[in-house]
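For reference, the structure discussed in these notes is given below.
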Amino acid sequence: MSIDVAITVRRGDFVRDIAFAGDAPVTALVGPSGGGKTSALLAIAGLLRPLAGHIRVGGRTLFDAAAGIDVPAHRRDLGVMFQEARLFPHLSVRANLGYARRAGPAEVAAMAERLGIAALLDRWPRHLSGGETRRVALGRALLARPAALLLDEPLAHLDAERAKALLLLIAESARNLPLLYVTHEPDEAMALDAQLVAI
Amino acid sequence: MTPAEWQAILVSLKVAGVATLCTLPLAFALAFVLARRRFAGKAIVDALVNLPLVLPPVVTGYLLLIAFGRDGPLGQALASVGVSVLFRWTGAAIAAGVMALPLMVSPMRLALEAMDRRLEAAAATLGASRWRVFATITLPLVLPGIIAGTVLGFAKALGEFGATAIFVSAIPGETETLPLAINAFLQVPGREGAALRLALLSIGIAFGALVAAQWWQRRAVRHRA
């Protein structure tokens, strides 16, 4: 999938230019922490409005300051797996997975089976371990059937074994789905056979 | 209890109930705007909302009397549709609502400010429109604040005295709420018993409301991280 980003964003007191382009099934943004990777991901998802520039994903213009285009986040059709998972604390795992309107009960059950979280469906997010939380977040994003999936450091703070397992799940369950993967660990990107973009 | 005492109780519940329910949407809208929006004159809106907290209630009642009086702007507007709130229970409800407003806005605003807005962003990436995000994420997560504000407002509306006395006076069966009735009984020799009974009842209602609010709040936060 083609990604073409050239934006100026404000984060706190800093203004930063971010520009990159790629055209691969899996694109990985790599670079040191605080380098603007997360800002780029948030801007692509429609959660951070750039001061200037343009964002095109899969040939679709999502943002273009000059043309006055700014597609709202809920119409961008991009799934996001956030670093902090962001599960809804007042909803059960089942309701979290089924939050997207496209996710019916049968799809939720099938996805839970695929991700090995079927036994957790009636639990509350605060009772989940770190690895379980990530898997629910991954399933929730996939069940919205997005055109592409954006992942922001999805393995952060997991021990090596759980990180490896989750990376396998991501690679498996997101097959045929374009990925934009943000990480400071180039190894993760290599494991996904990603086109690397340094920021 | 005497019929006069029952009458005061019923008037109080009616006035406080209507005042709280009618003020609730306005209070939430104000809390939302104050918590989420930046605009010129925000400090003035904030001060106006909180003014009844610090103004002598007599002054608030007097201002209401001017605004809703025969020559007042709101009084004339209501008169043109054949409505007057002067010396009516509806007027008592207005006075109670104005006095309760700051106590209702404050917990709702705190809840909105404390809420993790990144959850709203996450819901948007799942395809939820702004309204769906509000109804399914924002509202349930700030519900404890809404409950706390509503109960505080109701308790305040039940206890309102000064503004009500000035604005609509104390007419038994129409505007005479519990505190006004207690005051009236205290003016009459030999009616201290009635005053004491109503005072105890006021304490009971207020205490019950606070306990209920805490129970609801705990229920609402049970599933939060």
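Side chains are part of it too, since the values below use all heavy atoms of this structure and drop only hydrogens, waters and symmetry mates. Below, chains carry the letters A, B, ... as their sequence lines are ordered, and counting in each starts from 1.
Annotation for R101(A) and R132(B): closest pair NH2-CD, 3.1 Å, computed over non-hydrogen atoms. Of all heavy-atom pairs between H74(A) and A128(B), the closest is CB-O, 3.1 Å. When every heavy atom of L87(A) is checked against every heavy atom of L119(B), the shortest pair comes out as O-CD2, 3.5 Å. Contact between L126(B) and R140(A) at its shortest, heavy atoms only, is CD2-O, 3.4 Å.
Atoms CZ and CG, from R86(A) and D116(B) in turn, are 7.0 Å apart once rounded to the nearest 0.5 Å. In this structure, L47(A) CG and E120(B) CD are separated by 11.5 Å, a value rounded to the nearest 0.5 Å.
Summarising the local packing, CZ of R60(A) is surrounded by more than 12 heavy atoms from other residues, nucleotides or ligands at distances under 6.0 Å. Counting heavy-atom neighbours within 6.0 Å of R162(A) CZ, excluding the residue itself, gives a total of 12 or less. Residue F39(B) places its CZ atom among more than 12 non-hydrogen atoms of other residues, nucleotides or ligands, all under 6.0 Å distant.
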TODO: Just do the side-chain contact (heavy atoms from CB on, under 4.5 Å) check on F88(A) and L141(B) with the steps written out, would you?
DONE: CA-CA 9 Å; F88(A) 305 129; L141(B) 287 177; over 6 Å; no

TODO: Might you work through the side-chain contact (heavy atoms from CB on, under 4.5 Å) test for I137(B) and H90(A), ending with a clear yes or no?
DONE: CA-CA 8 Å; I137(B) 306 295; H90(A) 60 300; 3.9 Å; yes

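Using a 4.5 Å cut-off on side-chain heavy atoms (C-beta onward), L91(A) and P140(B) make no contact.
Listed for the R75(A) side chain is no donor-acceptor partner under 3.5 Å among the backbone atoms of G127(B).
Within the 4.5 angstrom heavy-atom criterion, atoms from both the backbone and the side chain of A73(A) approach chain B. Heavy atoms closer than 4.5 Å to chain B are found in the backbone of L78(A), but not in its side chain. Both the backbone and the side chain of Y99(A) come within contact range of chain B, judged by heavy atoms closer than 4.5 Å.
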